[in-house]
Peer 1: 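Below you'll find the structure I mean.
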Amino acid sequence: MATERYNAREAEARWQTVWTEGKVYQTPNDDPRPKYYVLEMFPYPSGRIHMGHVRNYSMGDVVARFKRAKGFNVLHPMGWDAFGMPAENAAMQNKVHPKSWTYQNIATMRGQLQSMGLSLDWSREFATCDVEYYTRQQHLFLDFLAAGLVTRRQSKVNWDPVDMTVLANEQVIDGRGWRSGALVEQRELTQWFLKITDYAEDLLTALDGLDRWPEKVRTMQRNWIGRSEGLRIRFALAGNGAPESARTVEVFTTRPDTLFGMSFLALSPDHPVTKMLAADNPDLAAFVDECHRMGTSVAALETAEKKGFDTGLKVVHPFTGDMHPVYVANFVLMDYGTGALFGCPAHDQRDHDFASKYGLPIHPVVVPEGVDAAGFSVADAPFLDDGRIVNSAFLDGLSVGEAKEAVARRLEAVTLDGAPAAARQVNYRLRDWGISRQRYWGCPIPVIHCETCGVVPVPKADLPVALPDDVEFDRPGNPLDRHPTWRHVACPACREPARRETDTMDTFVDSSWYFARFTAPDADDPTIPAVADAWLPVDQYIGGIEHAILHLLYSRFFTRAMRATGHVNLDEPFRGLFTQGMVVHETYRGPDGAWVSPADVRFEETDDGRKAFLATTGAPVVIGSIEKMSKSKKNTVDPTDIIESYGADTARWFMLSDSPPERDVEWTDAGAQGTNRFLQRVWRLVTEAARDLPAASPAGAPSAEATAILKAAHKALAAVDEAIEGLRFNVALAKIYELVNTLGSAFANDKPRFAADASFTAAFREALGILVQVMAPMTPHLAEECWQALGRDGLVANTPWPAVDPSLLVEDELTLPVQVNGKKRADVTVPRDADAATVEAAALALEAVIKALDGKPPRKVIVVPQRIVNVVA
RNA sequence: GCGGACGUGGCGAAACUGGUAGACGCACGAGACUUAAAAUCUUGCGCCGCAAGGCUUACGGGUUCGAGUCCCGUCGUCCGCACCA
């Protein structure tokens, strides 16, 4: 008799209703069980979920369900990273208000996520654009401001003169605005900054303690923070035109040992001394302008030629008294070090390029160990390695390290213009975090500018500073700036007319503390510290590697800033981090070379491989490379289509199978079908067994067949447990396949036993129960359906994880491989506790071993208990 | 250029701290059931060879009784960073 096929669509909707109505996944804050916080990076509400989301949230859900079954009080929330530019772009293009566009997208995507059957506590949901959320963010900002963690200063930005807005570096393409196509200018604007650099050292050293983070991410953050130890050296300025107010200029160097190889000094175009000089030097002013037009994008910097402008000024070498020229150079960054450097062309690639171009001297002062200084040339390339100091007076003969120390000590003692000529300094590549955005759809920065009182924080009682709804997007620029009334406000200090700050915050601010807000989403204050401290840190955070630096570094900083202002009492927000791989898919191109969606392609297996054709016309389609799913290449698969045709469980299982979770996984329809076949097979096995198995009455000693079934089930259980614990989902799934194969053939072959052997029937029922439970984290709907079919009580979702019976994991007899000279020749089966001598004797008695030894006595026999025997001839 | 990771069947991959390489899945072949197809079931499947057997974890060395795993070198792929003084 055929069983009915499992109807995923019907069953999934039904169980989702049961879970929701039973509030199965709502997490109370006052549960005595140990806590476990699982979090997947919350999505941007772009419109529809994509397969990447399915993979990310499937992984998180497995962890959440597994930990819940293991007895933890699990927090597994979801929200929306809802501010940002796409909403404003949609407003400009489609005349939709950013707010309605965003909330409509959220509604759609919430429905899609719910159809996946995720064990989320939806009662904690929020969007960062909810006024209830960003009010608390403004509260945090005010606290940070009071704590000295916020500054306001001039900074260079990419300014699009047509759109009248600031652009991020990645929005500048070949020096032009990505939307307007206008030439982007470098402008100095007053911007708000969060002082992340205050924590540079802490953020760096604390990385060592994040032992459950991928090493790769920690390395990336280390490089980003970019700590370097060096020396600040001041040089006396000399020569005509030296400004009265600047008698010295300071440089930062990590190579003070090469000071005697100096041949020039270079200033940033933005250096104060440059500005003074440019004021009455039109040629220099023109050069500075040229530098500004170059742009700061990576591409621009990479291709830019090194250019300099000789100011005519000189600096005095502190040891030799020699005069060296002072250039303004386009490659010197104002916001690193002191905005000035001394050039040593012999031992620095960049200085070498510059000196070669301008004909400056190149004197080697470091030579490789054992090389004659006289015969050593750096004319073609600088020497960058360690070596011995030469041509450097009192440094000669020292190592690079010793020379650095010697120069530092000597210069610290020299007084120049009333202060030491040098000081040791640790420098960081990390800069303060500029959070000002000249946009509407973001969290308003809660300050007021008053003519008389200056910058005045908005009093907390006056929060929120809410975004006005009546805004127009018909013109470029920031709608907040030209709103008729919004910006006009009385100064909180003097009550005179004043104006609001119209900058809004970078959306990375929104995502820097949402994980804390989830612990008390309705609190009046940003957090309830005791509750936040009880839940945090997030035990397992899962998301894409693309956030390795910015989001994760900002969140680490924010947590420290929230600790400094009393909102939490911890410093690291994410105890465990996992970065999952992408979902990739084949690409297809039609006869006209245009990308074709997989939905429009039909396949045929031919003698020379797989061929593709357009479903509509039958025209041939070229199968291209496998790439990250993207709209532009049309190689996407819509999760909703998959869920409707195969069910959420199939999508979830397939996303977790085969590929290790940190690696890319290829979506193929054949794979999805295979997964669906497997789930149907499980359903058939469970329902047919439930039908054919007599109600089991506890039997006496289990038969050999019953023991075999129990062993298979408990071994699989132990393996799945360990694999999920290590986030090795593909391995967990493989073990489940194995168990299903074992149970399937046992069911087919041993049916006659059901009537005769009660212990076998009981064992089979137990094994099926274990199977359903270990599958439940991955395929929760099917698991509930099977659970019910087996006649078990309640929901699998509420059932504790089964306990492994350790006695079922050990075998009485072991089959060991026997090697002769390292090559496997036979197997030997021995009792588990056999001693080495017994095993050796048994191995040497094997026919294959005797044959391989060819009459010679073994020189040595190695017996590794429970593992292997190796006979050395 | 600098830094890091990784190279295992046709494909995705397993392999505990050095101990039977290729579990599990996909694709494919053969067979059963069927008028037929789908579904399902059985079975085969690293390479060479009729077989015995030999070879095999990118390539070349080394350590070891024993190496996918450790060490050295070469090649290749991927990722990150890149005027950072």
Side-chain angles (χ1 to χ4, degrees), chain A residues 2 5 214-224 226-228 230-231 251-256 258 266 268 298 301-306 329-333 335-344 347-351 353-354 384 427-431 545 548-549 605 609-610 626 653-654 657-660 662-666 668 670-675 677-678 680-681 684 719 722-723 728 730-741 744-745 748 815-827 858-873:
Chain A
R5 281 176 71 78
E215 190 51 51
K216 177 182 177 151
V217 174
R218 293 197 284 170
T219 304
M220 284 166 73
Q221 292 211 352
R222 270 187 207 107
N223 293 339
W224 187 263
R227 183 184 199 272
S228 57
L231 202 61
V251 304
F252 175 72
T253 180
T254 57
R255 292 297 302 272
T258 63
S268 162
V298 173
L301 289 175
E302 233 173 287
T303 52
E305 195 189 348
K306 282 171 189 49
N330 63 346
F331 62 84
V332 184
L333 308 171
D335 40 10
Y336 185 80
T338 61
L341 57 88
F342 84 77
C344 175
H347 305 291
D348 182 282
Q349 183 63 55
R350 186 198 44 208
D351 296 346
D353 295 348
F354 190 81
L384 306 173
N427 221 325
Y428 300 91
R429 207 187 75 110
L430 182 71
R431 324 233 177 107
I545 186 74
I549 297 176
E605 284 293 338
R610 196 160 140 269
I626 296 166
W653 182 277
F654 183 57
S657 63
D658 293 346
S659 288
E662 68 277 10
R663 246 179 264 181
D664 291 351
V665 66
E666 187 193 353
T668 63
Q673 284 174 26
T675 295
R677 274 200 300 273
F678 169 72
Q680 292 290 351
R681 199 171 138 220
R684 222 165 34 239
E722 190 187 330
R728 295 152 48 81
N730 56 324
V731 178
L733 268 51
K735 299 297 178 185
I736 293 174
Y737 277 117
E738 237 170 11
L739 177 60
V740 170
N741 290 343
S745 35
T815 299
L816 304 183
V818 179
Q819 297 180 334
V820 177
N821 292 331
K823 287 200 171 167
K824 192 197 161 190
R825 295 294 176 187
D827 290 304
R859 285 201 290 147
K860 193 171 169 189
V861 179
I862 291 147
V863 177
V864 183
Q866 328 245 320
R867 280 265 171 230
I868 201 168
V869 181
N870 193 9
V871 180
V872 186

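Because only heavy atoms are used, hydrogens play no part in the values below, and waters and symmetry mates are left out as well, while side chains stay in. Chain A is the first sequence line, chain B the second, and so forth, proteins listed ahead of strands; every chain is numbered from 1.
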Peer 1: Just call it for A:Ser228: base, sugar-phosphate, or nothing, with non-hydrogen atoms closer than 4.0 Å on any strand.
Peer 2: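 If one applies the 4.0 Å heavy-atom cut-off, A:Ser228 turns out to touch the sugar-phosphate alone, with no base involved.
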
Peer 1: Across all strands, who's sitting opposite B:rC24 as a Watson-Crick or G-U wobble pair, both distances under 3.5 Å?
Peer 2: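 Across any shown strand, B:rC24 pairs with B:rG12.
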
Peer 1: Return yes if a side-chain donor-acceptor contact under 3.5 Å exists between A:Arg681 and A:Asn741, otherwise no.
Peer 2: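 Their side chains do contain a donor-acceptor pair, which is all the 3.5 Å distance test asks for.
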
Peer 1: Kindly point out which of B:rG19, B:rC79, B:rG54 is positioned nearest to the side chain of A:Arg825?
Peer 2: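 Given the options B:rG19, B:rC79, B:rG54, the side chain of A:Arg825 is closest to B:rG54.
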
Peer 1: With sequence neighbours excluded, what pairs up with A:Phe678 under the ring-ring contact (aromatic ring centres under 6.0 Å, His included) test?
Peer 2: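 Per chain and number, A:Phe678 pairs via ring-ring contact (aromatic ring centres under 6.0 Å, His included) with A:Trp653, A:Tyr737.
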
Peer 1: Scan A:Asn741 against the nucleic acid and name what it touches under 4.0 Å (heavy atoms): base, sugar-phosphate only, or nothing.
Peer 2: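 The answer is sugar-phosphate, as A:Asn741 gets under 4.0 Å only of primed atoms, P, OP1 or OP2.
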
Peer 1: Rounded to whole Å, how long is the line connecting atom CE of A:Met220 with atom P of B:rG4?
Peer 2: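 For the pair A:Met220 CE and B:rG4 P, the rounded distance is 14 Å.
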
Peer 1: For the side chain of A:Val332, starting at C-beta, report the closest nucleotide among B:rC24, B:rA85, B:rC79.
Peer 2: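 The nucleotide sitting nearest to the side chain is B:rA85.
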
Peer 1: Looking only at side-chain N and O atoms, does A:Arg350 come under 4.0 Å of OP1 or OP2 in B:rA82?
Peer 2: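 So the side chain of A:Arg350 is outside the cut-off, no N or O lying under 4.0 Å from OP1 or OP2 of B:rA82.
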
Peer 1: If the P atom of B:rC59 is compared with that of B:rC11, how far apart are they to the nearest Å?
Peer 2: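 Between the two P atoms, the distance is 15 Å.
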
Peer 1: Rounding to the closest angstrom, what is the interatomic distance between B:rG25 and B:rC72 at atom P?
Peer 2: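 Here B:rG25 and B:rC72 have their P atoms 38 Å from each other.
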
Peer 1: Rounded to the nearest Å, what distance is computed from the CG atom of residue A:Asp351 to the C1' atom of nucleotide B:rC84?
Peer 2: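 Rounded to the whole Å, the gap is 12 Å.
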
Peer 1: Looking only at heavy atoms, what is the nearest atom pair of A:Val332 and A:Ala266, with distance?
Peer 2: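 Distance-wise, the nearest heavy atoms are CG2-CB, 3.8 Å.
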
Peer 1: Do the charged groups of A:Glu662 and A:Lys216 touch, with an N to O distance under 4.0 Å?
Peer 2: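 Here A:Glu662 does not pair with A:Lys216 in a salt bridge, since their nearest N and O are not under 4.0 Å apart.
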
Peer 1: Looking only at N and O atoms, is any donor in the side chain of A:Arg255 or the base of B:rA85 less than 3.5 Å from an acceptor on the other one?
Peer 2: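 No, no donor-acceptor pair under 3.5 Å.
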
Peer 1: If you go through the side-chain atoms of A:Lys860, does one of them form a donor-acceptor pair with the base of B:rC65 closer than 3.5 Å?
Peer 2: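 Looking at the base of B:rC65, it does not pair with any donor or acceptor on the side chain of A:Lys860 (distance under 3.5 Å).
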
Peer 1: Step by step, work out the side-chain contact (heavy atoms from CB on, under 4.5 Å) result for A:Leu341 and A:Phe331.
Peer 2: CA-CA 10 Å; A:Leu341 57 88; A:Phe331 62 84; 4.1 Å; yes

Peer 1: Starting at atom CZ of A:Arg728, determine the distance to atom P of B:rA14, rounded to an integer number of angstrom.
Peer 2: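 It is 7 Å, rounded to the nearest whole Å.
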
Peer 1: Report the nucleotide, chosen from B:rA14, B:rC84, B:rC83, that has the shortest atom-to-atom distance to any side-chain atom of A:Val731.
Peer 2: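 Within the option list, the nearest is B:rA14.
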
Peer 1: Classify the nucleic acid contact of A:Lys823 as base, sugar-phosphate or nothing, counting any heavy atom under 4.0 Å across all strands shown.
Peer 2: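 Sugar-phosphate, backbone atoms only, no base.
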
Peer 1: For B:rG7, decide between syn and anti, treating a glycosidic angle within 90° of 0 as syn.
Peer 2: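 You should classify B:rG7 as anti.
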
Peer 1: Could you tell me whether A:Gln819 contacts a base, only the sugar-phosphate backbone, or nothing, with contacts defined as non-hydrogen atoms closer than 4.0 Å?
Peer 2: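 Counting heavy atoms under 4.0 Å across all strands, the contact made by A:Gln819 includes a base.
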
Peer 1: Starting at atom CZ of A:Arg5, determine the distance to atom P of B:rU40, rounded to an integer number of angstrom.
Peer 2: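 Answer to the nearest Å: 7 Å.
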
Peer 1: Side-chain donor or acceptor of A:Arg222 under 3.5 Å from a matching atom on the base of B:rC81?
Peer 2: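 There is none.
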
Peer 1: How is A:Phe252 classified with respect to the nucleic acid when contacts are heavy atoms under 4.0 Å: base, sugar-phosphate, or nothing?
Peer 2: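 Since a base atom lies under 4.0 Å of A:Phe252, the category is base.
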
Peer 1: Could you work out the separation of B:rG10 and B:rG61 based on their C1' atoms and round it to a whole Å?
Peer 2: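 Going atom to atom, C1' in each nucleotide, I get 31 Å.
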
Peer 1: Over how many whole Å does the gap from A:Phe354 atom CZ to B:rC83 atom P extend?
Peer 2: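 In whole Å, B:rC83 P lies 17 Å from A:Phe354 CZ.
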
Peer 1: Out of curiosity, A:Leu430 CG to A:Asn427 CG, how far, rounded to the nearest 0.5 Å?
Peer 2: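 So the gap between those two atoms works out to 11.0 Å.
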
Peer 1: Rounded to whole angstroms, how far apart are CZ on A:Arg859 and P on B:rU64?
Peer 2: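 Atom CZ in A:Arg859 sits about 13 Å away from atom P in B:rU64.
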
Peer 1: Which nucleotide in the set B:rC24, B:rA85, B:rC84 lies at the smallest distance from any side-chain heavy atom of A:Arg429?
Peer 2: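 Side chain of A:Arg429 sits closest to B:rC84.
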
Peer 1: What's the closest nucleotide to the side chain of A:Arg684 if the choices are B:rC84, B:rU40, B:rG19?
Peer 2: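 For the A:Arg684 side chain, the nearest candidate turns out to be B:rU40.
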
Peer 1: For A:Asn870, report the nucleic acid contact type (base, sugar-phosphate, nothing); a contact means any heavy atom under 4.0 Å.
Peer 2: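 Since a base atom lies under 4.0 Å of A:Asn870, the category is base.
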
Peer 1: Kindly point out which of B:rC83, B:rA85, B:rA39 is positioned nearest to the side chain of A:Asn330?
Peer 2: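 Of B:rC83, B:rA85, B:rA39, B:rC83 is nearest to the side chain of A:Asn330.
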
Peer 1: When you get a sec, tell me which of B:rC84, B:rU20, B:rC24 is the closest nucleotide to the side chain of A:Lys824?
Peer 2: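 Among the listed nucleotides, the one closest to the side chain of A:Lys824 is B:rU20.
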
Peer 1: What's the gap between B:rG44 and B:rC26 when it is taken at their P atoms, as a whole Å value?
Peer 2: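 Looking at atom P only, B:rG44 and B:rC26 are 16 Å apart.
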
Peer 1: What integer number of Å spans the C1' atoms of B:rU69 and B:rG22?
Peer 2: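 Nearest-Å result for B:rU69 against B:rG22 at atom C1': 15 Å.
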
Peer 1: Which nucleotide wins on minimum distance to the side chain of A:Pro817, given the candidates B:rU20, B:rC41, B:rA85?
Peer 2: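 Among B:rU20, B:rC41, B:rA85, the one nearest the side chain of A:Pro817 is B:rU20.
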
Peer 1: Counting any heavy atom closer than 4.0 Å, what does A:Val864 reach on the DNA or RNA strands: base, sugar-phosphate only, or nothing?
Peer 2: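 A:Val864: base contact, heavy atoms under 4.0 Å.
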
Peer 1: CD1 of A:Ile549 versus C1' of B:rC81: gap in Å, rounded?
Peer 2: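 To the nearest whole Å, that distance equals 8 Å.
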
Peer 1: Going 5' to 3' through nucleotides 7-13 of chain B, assign each nucleotide B (protein heavy atom under 4.0 Å from a base atom), S (under 4.0 Å only from sugar-phosphate atoms) or - (no protein heavy atom that close).
Peer 2: -----BS

